[in-house]
Amino acid sequence: MSDSIPYRFSFGPWNISEGADPFGPEVRPAFPHEEKFALYRPLGFEGVQFHDDDVVPGLDGMTPAQMLSRAGEVKTMLGNHGLVPEFVAPRLWFADQTVDGAYTSNSESDRKYAWERTQKCIDIARALGCKAIVLWLSREGSYIREAKDARLAYERILGTINAMLEYDREIEIWIEPKPNEPTDQAYVPTIGHTVALAYASKDHRRVKGLIESAHALLAGLDPSDEMAFALAHDKLASVHLNDQNGLKYDQDKNFGGANLRAAFNQVRVLEEAGYGRRGEFIGLDVKAMRTQKGSPVTVHLRNSREIFLHLVEKYRALDGELVRQYREARDYEALECYILKHLLGVK
Ligand code: 3MF
Ligand code: MG
């Protein structure tokens with residue numbers, strides 16, 4: 001497998017996990033974030049994705065000076081390991097104040113908390129030397145439709161995006177859509193909603209999307225078509241490649257683990273658009289199996305990266321002229337058989 005393919009890879013510290021799930025506790029000893037940084041480069045990754053409290057644990061109880069000093073320390077640690085921060089995301093789903101959502105909560109004081117936390121997240125990102133803020137709008141949605149005024153909720157989300165653009169005129173906002181979980185229905189379920197919000201904002205060039213394969217599948221959509229839509233608007237800032245076996249809880253399976261052909265098509269769409277040439281990362285939001293022994297468990301990251309690169313090679317070995325001819329002749333039976341045999345490595 002060729003490592004000369006110029007892609008940059010990233011993941012977040014949460015992707016090296018201890019294996020807890022809603023039905024059982026950790027099965028592996030905790031592994032400190034600081035020690036995780038040393039694992040990135042040997043695994044072939046250089047980008048680190050953060051939540052605000054991955055950078056500054058306990059930030060809610062800190063003074064701005066304490067917060068920024070800790071962020072500065074993390075910046076130095078990253079530099080020492082040859083790593084770059086890809087983005088920082090406000091964790092707006094854990095605190096008591098975010099039980100009913102953050103920007104769309106029915107409580108005014110909880111919405112105030114969410115905005116203050118967002119400002120802190122931006123300050124932390126800047127102190128880390130990073131200009132990208134990811135909004136995974138976890139609890140912005142409802143369990144029952146009558147709980148919130150959905151039209152007002154969209155206005156509140158847009159109002160927050162505009163306030164963020166004004167608060168710091170250099171940041172970009174990357175929205176990571178997801179249709180459900182933890183809510184029953186989320187307010188920004190697809191990349192179409194994301195792109196609409198971007199264009200409605202005060203500076204659409206600074207509002208983009210991050211597409212996670214599993215989230216698109218949970219919305220009943222094809223991840224490669226979602227990516228193509230974002231790319232057509234030049235709004236694909238990052239990806240969370242992984243996989244999902246049907247409509248169930250968010251699985252974060254290894255890339256290609258459930259549907260290798262769908263994974264191939266995501267790679268194809270990214271390659272065709274030249275994704276990555278402006279420094280965009282291939283993020284892998286994959287979860288280690290709970291059954292896996294040892295600590296820390298990182299094989300899922302290594303394997304998902306490898307599968308991605310193998311699929312890049314598969315794409316590059318495709319006979320483009322043959323594909324063009326099959327399309328022109330509208331012989332999709334022949335095209336499908338060619339693709340399947342190509343993926344299987346048989347003539
Ligand atoms: C939820 C996710 C999240 C986001 C992360 C960064 C834990 O389904 O995918 O991962 O990716 O919060 O935005
Ligand atoms: Mg994700």
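Hydrogens, waters and symmetry mates play no part in the numbers below; they use all other heavy atoms, side chains included. Just so you know, ligand 1 is whichever comes first in the structure, and atom 1 is the first atom listed for that ligand.
- Of the options R117, K120, R126, a salt bridge (charged side-chain N to carboxylate O under 4.0 Å, His left out) to D52 is made by R117 and by none of the others.
- A heavy-atom cutoff of 4.0 Å around ligand 1 is satisfied by the protein residues W14, H51, W93, V134, W136, E176, K178, E212, H215, H240, D250, D285.
- Close placement of the F11 and Y40 rings is indicated, their centers lying within 6.0 Å of each other.
- Taking CG from D100 and OH from Y143, the interatomic distance works out to 8.5 Å, rounded to the nearest 0.5 Å.
- Note that CD of Q292 and CZ of R28 are 7.5 Å apart. Values are rounded to the nearest 0.5 Å.
- Taking distances strictly below 2.8 Å, the protein N/O/S atoms close to the Mg ion (ligand 2) are E176 OE2, E212 OE1, H240 ND1, D285 OD2.
- Relative to the six-membered ring of Y199, K235 meets both conditions, a distance below 6.0 Å and an angle of at most 45° to the axis.
- Taking the charged nitrogens against the carboxylate oxygens, K178 and E212 have no contact shorter than 4.0 Å, which rules out a salt bridge.
- Within 6.0 Å of the OH atom in Y167, the count of heavy atoms belonging to other residues, nucleotides or ligands exceeds 12.
- Between H33 and F37, the gap from one ring centroid to the other reaches at least 6.0 Å.
- Open room surrounds CZ on R205; 12 or fewer heavy atoms of other groups in view lie less than 6.0 Å from it.
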